[in-house]
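As structure tokens, the structure follows; a few thoughts come after it.
All residue numbers refer to positions in the sequence shown, counting from 1.
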Amino acid sequence: MKLTAIAAGIAAAVLISSSVFAACPNSPKDGTYSTYGGTMIGGRASEAWCSGAGPGQPGNTESAASWNGAELGTQWRVWGMAIDAAGAVETARFFDANGNGWIDYSTNYTGGQYWLDGNHIWGNGAADFTGTVTYFNVGARVTYAGWQTVGVTSNIFMTGVFDGCPGCSIEYAISNAMLAWRTGYPTTMPAGYPAFECGAAMGELFEVCCVLAKIHCVPIATESSTWGAIKGFYR
């Protein structure tokens, strides 16, 4: 009788464990994906000057999407990240007497969502993936010539968790971006970039290259919880 109870407990524990794994039937595939490896494409990004006060201000929002040379967002998108209350924080600078030099900034963002194409190499074609951004930071170097901005190069670091997939996350996504256009440049705003969020009429546009992202899923069933389920059947 006791053996029967133990067997029933094991069967129940297997069912419990299986139900945990079945909570995410369309989990993304573990792997490191990159433009270097040919498994991700680069993209384009925009920063909306939501307050109209210029770059790096609290509340400015960031939006980025893949760019295949003709269309935005066919492979990946990330949007809705807002600069936190600290704004862009200066971390270092250098200038000569003629105003040639640079300033480094670190900017943290809050909020944000992302989307990945379920038909790409990280999926199985069953459905697309969505998720929540858990950390987003931009380290930027603004280059000056004669005290005027002539370029901005950024390093972007992001983490996130997948919707409906406990234990599945983007452990890191790293990319580089270069300023392509800013309100006030003597040229018309180019097409083919993510629209400014928050209804802003001003902002910056960037080319995003050299993307690297690691996706990893950790099973949420544990030995202790399974053993607890077994013990419950023959106490």
Side-chain angles (χ1 to χ4, degrees), residues 34-36 40-67 72 76-96 98-114 133-160 170-187 189-190 192-198 200-214:
S34 69
T35 51
Y36 302 106
M40 289 190 76
I41 57 177
R44 290 178 164 182
S46 66
E47 180 184 309
W49 296 350
C50 297
S51 66
Q57 299 300 309
N60 285 2
T61 57
E62 190 89 5
S63 178
S66 61
W67 173 252
L72 282 170
W76 57 267
R77 287 187 289 117
V78 57
W79 68 95
M81 298 75 65
I83 296 179
D84 69 9
V89 177
E90 182 179 327
T91 58
R93 68 163 56 201
F94 169 80
F95 283 95
D96 64 19
N98 298 312
N100 303 314
W102 48 264
I103 303 176
D104 287 347
Y105 295 93
S106 178
T107 308
N108 288 318
Y109 292 69
T110 61
Q113 299 172 277
Y114 64 88
V133 175
T134 53
Y135 179 75
F136 196 89
N137 173 270
V138 176
R141 170 163 290 192
V142 183
T143 305
Y144 294 81
W147 305 109
Q148 299 297 314
T149 301
V150 294
V152 181
T153 304
S154 302
N155 294 313
I156 303 158
F157 185 88
M158 185 198 96
T159 62
I170 293 180
E171 292 193 343
Y172 58 79
I174 303 168
S175 59
N176 304 113
M178 295 187 67
L179 181 67
W181 182 87
R182 171 184 284 176
T183 296
Y185 276 25
T187 56
M189 178 176 174
Y193 289 82
F196 293 143
E197 297 180 352
C198 69
M202 298 186 293
E204 298 176 313
L205 303 176
F206 296 85
E207 293 287 340
V208 179
C209 74
C210 317
V211 184
L212 174 69
K214 181 180 180 182

When rounded to the nearest 0.5 Å, the distance separating OH of Tyr193 from CG of Leu72 is 9.5 Å
Contacts satisfying side chain to side chain donor-acceptor pair (under 3.5 Å) that involve residues 145-156 (not counting sequence neighbours) are Asn155-Asn176
Review point. Less than 4.5 Å apart, any side-chain heavy atom of Ile103 and any of Tyr144?
Key: yes
Residues Val78 and Val133: closest non-hydrogen pair is CG2-CG2, 3.9 Å
Notebook entry, point to check: Do Tyr109 and Asn60 have side-chain heavy atoms sitting under 4.5 Å apart?
Noted result: no
query: So, does Glu197 use its side chain to make a donor-acceptor pair with the main chain of Cys50 at under 3.5 Å?
result: no
Side-chain donor or acceptor of Asn98 paired with backbone N/O of Asn100 under 3.5 Å: no
Are any side-chain N or O atoms of Thr143 and backbone N or O atoms of Val150, one a donor and one an acceptor, separated by less than 3.5 Å?
no
Heavy atoms of Gly111 and Met81 approach each other most closely as O-CG, 3.5 Å
Original post:
Between Trp49 and Gln57, is any pair of side-chain heavy atoms under 4.5 Å apart?
Top reply: no
Output for pair (Phe136 CZ, Ile83 CD1), nearest 0.5 Å, gives 10.0 Å
* Does a side-chain heavy-atom distance below 4.5 Å link Leu212 with Tyr172? -> yes
If we ignore hydrogens and angles and just use 3.5 Å, is the side chain of Arg44 paired with the main-chain N or O of Gly192 as donor and acceptor? yes
To the nearest 0.5 Å, atom CD of Glu207 lies from atom CE of Met178 at 9.5 Å
| message | Taking Trp76's backbone N and O only, do any of them form a donor-acceptor pair with Ser66's side chain (distance below 3.5 Å, no angle check)? | response | yes
Minimal heavy-atom distance between Tyr114 and Met158, with the atoms involved, is CD2-CE, 4.3 Å
OG1 (Thr91) and CG (Asp104) are apart, to the nearest 0.5 Å, by 4.5 Å
Less than 4.5 Å apart, any side-chain heavy atom of Phe196 and any of Leu205?
yes
Here the pair of heavy atoms bringing Pro194 nearest to Ala65 is CG-N, 4.2 Å
Next on the checklist: Determine whether Arg182 and Val152 satisfy the following criterion, side-chain contact (heavy atoms from CB on, under 4.5 Å), listing intermediate values before the conclusion.
Outcome noted: CA-CA 10 Å; Arg182 171 184 284 176; Val152 181; 3.9 Å; yes
Rounded to the nearest 0.5 angstrom, the OH-CZ distance for Tyr105 and Arg93 is 6.5 Å
Task: Test item: Ser63 side-chain N/O and Ser46 main-chain N/O as donor-acceptor pair under 3.5 Å - done: no
NZ of Lys214 to CD1 of Ile170, rounded to nearest 0.5 Å, is 12.5 Å
Heavy-atom closest pair (Glu47 atom, Pro55 atom, distance to 0.1 Å) is OE2-CA, 3.6 Å
Inset, instruction - State whether the side chain of Trp181 and the backbone N or O of Thr187 hold a donor-acceptor pair below 3.5 Å, judged by distance alone. - result: yes
Exercise. With the side chain counted from C-beta on, respond yes when Thr35 and Cys209 share a heavy-atom pair under 4.5 Å apart, and no when they do not.
Key: no
Practice item. Applying side-chain contact (heavy atoms from CB on, under 4.5 Å), run through Ile156 and Phe206 and close with a yes or a no. Key: CA-CA 12 Å; Ile156 303 158; Phe206 296 85; over 6 Å; no
